[in-house]
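All remarks here apply to the structure that follows.
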Protein chains: 2
Amino acid sequence: MARIKDVAAHAGVSVATVSRVLNDNPSVTEETRTRVYAAMRELSYVPNAVARSLRTEATKTLGLIIGDIANPFFAELARAVEDTARAAGYTVIIGNADERAEEQDHYVRTLLEQRVDGLLICPTAEVTPLVEEIARAGGPLVFLDRTLPGVHVPSVRADGTDAIRALVAHLRQLGHRRIAFISGPARLSTGRERTGAFLAAMAEHGLEVHPEYVQAGDFRSGSGRALTARLLDLPEPPQVIFAGDNLMTLGALDEIRARGLRIPGDVALASFDDVPWFPHVDPAITAISQPAAELGKRGVRVILDRLGGRPAESVSLPAVLVVRQSCGEGRDVS
Amino acid sequence: MARIKDVAAHAGVSVATVSRVLNDNPSVTEETRTRVYAAMRELSYVPNAVARSLRTEATKTLGLIIGDIANPFFAELARAVEDTARAAGYTVIIGNADERAEEQDHYVRTLLEQRVDGLLICPTAEVTPLVEEIARAGGPLVFLDRTLPGVHVPSVRADGTDAIRALVAHLRQLGHRRIAFISGPARLSTGRERTGAFLAAMAEHGLEVHPEYVQAGDFRSGSGRALTARLLDLPEPPQVIFAGDNLMTLGALDEIRARGLRIPGDVALASFDDVPWFPHVDPAITAISQPAAELGKRGVRVILDRLGGRPAESVSLPAVLVVRQSCGEGRDVS
DNA sequence: GCCCTCCATGTAATCGATTACATCAGAGTA
DNA sequence: TACTCTGATGTAATCGATTACATGGAGGGC
């Protein structure tokens, strides 16, 4: 593979000049420039980003660690991160943590070795020593979607408090009283916060929450189905099941269908987290939509701010309630 | 950030010894080794993969260019590629071509500059001069999911011929005769092949295909909806709509629902490409399932074979028909 | 006691770019 | 003509690792 030295020899100039052409340095004659370009073309020269990065100490690369690409929420997030980064001249390396701290740390290590300029993490579970150390050392880190308690790192996340309050209001207006919430693990900030917001909203609307109506799963469809089964087996089952993410909603849907129950007649269903196919099922699922693309975009902006020496501030974007038919037909002021 | 030189000084050895420890060279004393590890820990040393890659001329990185991460099929594919590559010690950089040749070429260029060891491409549309040149130069390329006519590169793809034949048999057995197929653009190998297989299967079963019943869209939901509308507006609308990918199926579902038609009573629906939520809609969608994860896995294996100097052979995996309820209730021998 | 072998470790060249500094030609000025 | 200044280009050090080859010391055979 042709090197800068070959191009220089072929064009009859020095490597410095070729490098200047590569970097659009204006102090190169138009004539020399065209000669160099011609040499590059003839040799099919492809600049070596590895060598450049070694010298410049910058890779123009961002690392993104997400919970699971196969989860549409993260897919949309990743897409936005990629698009935004690309527009700013950065390449993105995506790592799939599979919701496991160990995998997450593997990617953190790998990406640091690759010398990514910045790191966007959707932290799984607990604070790991590795992440904590990087945060303390002031590494170029930003948390996306989730935060970690006690770790001082800028974050970009969605705030579902208002949307959950709106959902509870909507449910109440439709006459529902016995509302259950199945959510993710308390070790995830998203799991904790959604549960907290739900309990607060219920209290605000003077609705009682049966202790058995709040269950923690793992944000996967299997646990959504299992918890739904448990709820439906209660002597007094809930009138509404509100699931903590799109996969748990899917599990709930399964269990409800398997029992031959009708939505929303026998039991209503709502989801925290909206995905493109929810409007297409019958009945269309009422959901709280997180601005996934916007989160990704803002995340990149925050990290680029940090890299550019500008102050990086945490961002919290509101999630919004999208009323469809799965909780009942009533119109809602929303 | 600590360099190998610092570690060496701190441990009282030479850089060569540190490098040997990093690379598990057995000729280092156990005692020296522990001293070096201690120094690394104390300095929070992180090896610089950029420098290593420059020297070794290998990045232990694979590039993957897909049509769209937000399409669940590609998400699953990407996930499998990542998992498999990771198990072999490789990192994956994913590029989103957004189904545009121009974007695809941008990523090809970027990934070549990054000196990825191998490149997995799901080619969009036409053969671009860039891709053609790399193929001719014998670059470490593998095509995934799709192939390009006239370009000699190993490929890993799914073959839907048998599954489409099985679907047509299934439809015929249920009494359907007027079957329409809305598919992707003919410029994509997947679009062409699926259409060809459909026509062949229809002929085999002695079913006539009304020319208006075969329409080409763009593998996106919008065109799925538009084409479905056109079909339903025909004086003699089809009894079955078979959509060429999961997004077009979604569009078709929309249009059918919007008209208040019932599936499969008023019109049956089938999809080429299965996604996790198809079993959860009512009625569950009959679909042809492509082994996306297996494609990804095999793709990585093929490219690693190439890199390892072993012969890289093209792979074609059968897609399978998954009968559900959207075409009618009849049991099928499949 | 001498020499050879072997093993652990060190020295220094190298990968391909960037860039501070040096150089040199030509124009402008007195 | 001689001098300076400017602008284009060249020379060589550098980034942080790997690795071929050099070195030196311990141990064994005679």
Side-chain angles (χ1 to χ4, degrees), chain A residues 1-40 43-61 89 91 109-117, chain B residues 1-40 43-61 89 91 109-117:
Chain A
M1 199 160 236
R3 315 180 305 291
I4 199 174
K5 201 196 292 187
D6 304 318
V7 174
H10 201 268
V13 297
S14 72
V15 292
T17 301
V18 178
S19 176
R20 287 190 189 100
V21 171
L22 280 174
N23 294 285
D24 284 323
N25 185 318
S27 78
V28 181
T29 311
E30 197 47 41
E31 193 253 321
T32 314
R33 190 179 298 272
T34 51
R35 224 172 51 244
V36 170
Y37 277 133
M40 288 182 180
L43 299 176
S44 310
Y45 172 72
V46 179
N48 187 326
V50 174
R52 169 183 295 149
S53 297
L54 178 60
R55 180 62 233 240
T56 60
E57 327 227 76
T59 50
K60 283 291 193 172
T61 293
T91 303
R109 245 185 300 270
T110 305
L111 294 171
L112 288 180
E113 290 188 6
Q114 309 258 3
R115 295 297 192 266
V116 292
D117 294 336
Chain B
M1 199 160 235
R3 314 180 307 288
I4 199 175
K5 200 196 292 185
D6 304 318
V7 175
H10 202 266
V13 297
S14 73
V15 293
T17 300
V18 178
S19 175
R20 288 191 187 98
V21 171
L22 280 175
N23 293 285
D24 285 323
N25 185 318
S27 78
V28 180
T29 312
E30 196 47 42
E31 192 252 322
T32 314
R33 189 180 299 273
T34 51
R35 224 171 51 244
V36 170
Y37 276 132
M40 288 182 181
L43 299 175
S44 311
Y45 173 71
V46 179
N48 187 326
V50 174
R52 169 183 295 149
S53 297
L54 178 60
R55 180 61 233 242
T56 60
E57 325 228 80
T59 51
K60 283 291 194 173
T61 293
T91 303
R109 244 185 301 271
T110 305
L111 294 171
L112 288 180
E113 290 189 6
Q114 309 258 4
R115 295 296 193 267
V116 292
D117 294 336

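Below, read A as the first sequence line, B as the second, and so on, with proteins coming before strands; counting in each chain starts at 1. The structure presented is a predicted model; accordingly, all values stated were derived computationally and were not measured.
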Minimal non-hydrogen separation, A:D117 against A:T59, with atom names | OD1-N, 3.0 Å
Using a heavy-atom cut-off of under 4.0 Å over every strand shown, decide if A:V18 touches base, sugar-phosphate, or nothing.
-> nothing
Heavy-atom closest contact (A:R35 atom, A:V13 atom, distance) | NH2-CG1, 3.4 Å
Residues that A:R115 engages under salt bridge (charged side-chain N to carboxylate O under 4.0 Å, His left out), provided they are two or more places apart = none
Estimate the overall bend of the helix from C:dG1-D:dC30 to C:dA30-D:dT1 from the end axes over five pairs each, rounded to 10 degrees.
-> 60°
For B:T56, check side chain to side chain donor-acceptor pair (under 3.5 Å) against everything at least two apart and list the hits.
-> none
Any residue meeting side chain to side chain donor-acceptor pair (under 3.5 Å) with B:R52, in chain and number order, not counting sequence neighbours | none
Taken in chain and number order and not counting sequence neighbours, the residues that satisfy side chain to side chain donor-acceptor pair (under 3.5 Å) with A:S53 are none
Which residues, if any, of residues 25-32 of chain A bring a heavy atom under 4.0 Å of DNA chain D?
-> A:S27, A:V28, A:T29, A:T32
Using atom names, set out every protein N or O paired with an N or O of nucleotides 21-27 of chain D below 3.5 Å, distance rounded to 0.1 Å.
none

With sequence neighbours excluded, tell me which residues meet side chain to side chain contact (heavy atoms under 4.5 Å, CB included) with B:S44.
-> A:E133
Could you give me the CA-CA distance, side-chain angles and deciding distance for A:R33 and A:D24, then say whether side chain to side chain contact (heavy atoms under 4.5 Å, CB included) is met?
-> CA-CA 9 Å; A:R33 190 179 298 272; A:D24 284 323; 4.1 Å; yes
Could you list all the salt bridge (Lys or Arg N to Asp or Glu O under 4.0 Å) pairs where at least one residue sits in residues 6-17 of chain B, not counting sequence neighbours?
-> B:R3-B:D6
Side chain to side chain donor-acceptor pair (under 3.5 Å) with B:E30: which residues, sequence neighbours excluded?
-> none
Are A:T91 and B:Q114 linked by a side-chain donor-acceptor pair shorter than 3.5 Å?
-> yes
List the protein contact pattern of nucleotides 12-17 of chain C with one symbol per nucleotide (5' to 3'): B for base contact, S for sugar-phosphate-only contact, - for none; contact means a heavy-atom distance under 4.0 Å.
-> BBBBBB
Would you please name every residue forming a salt bridge (charged side-chain N to carboxylate O under 4.0 Å, His left out) with B:R20, sequence neighbours left out?
-> none
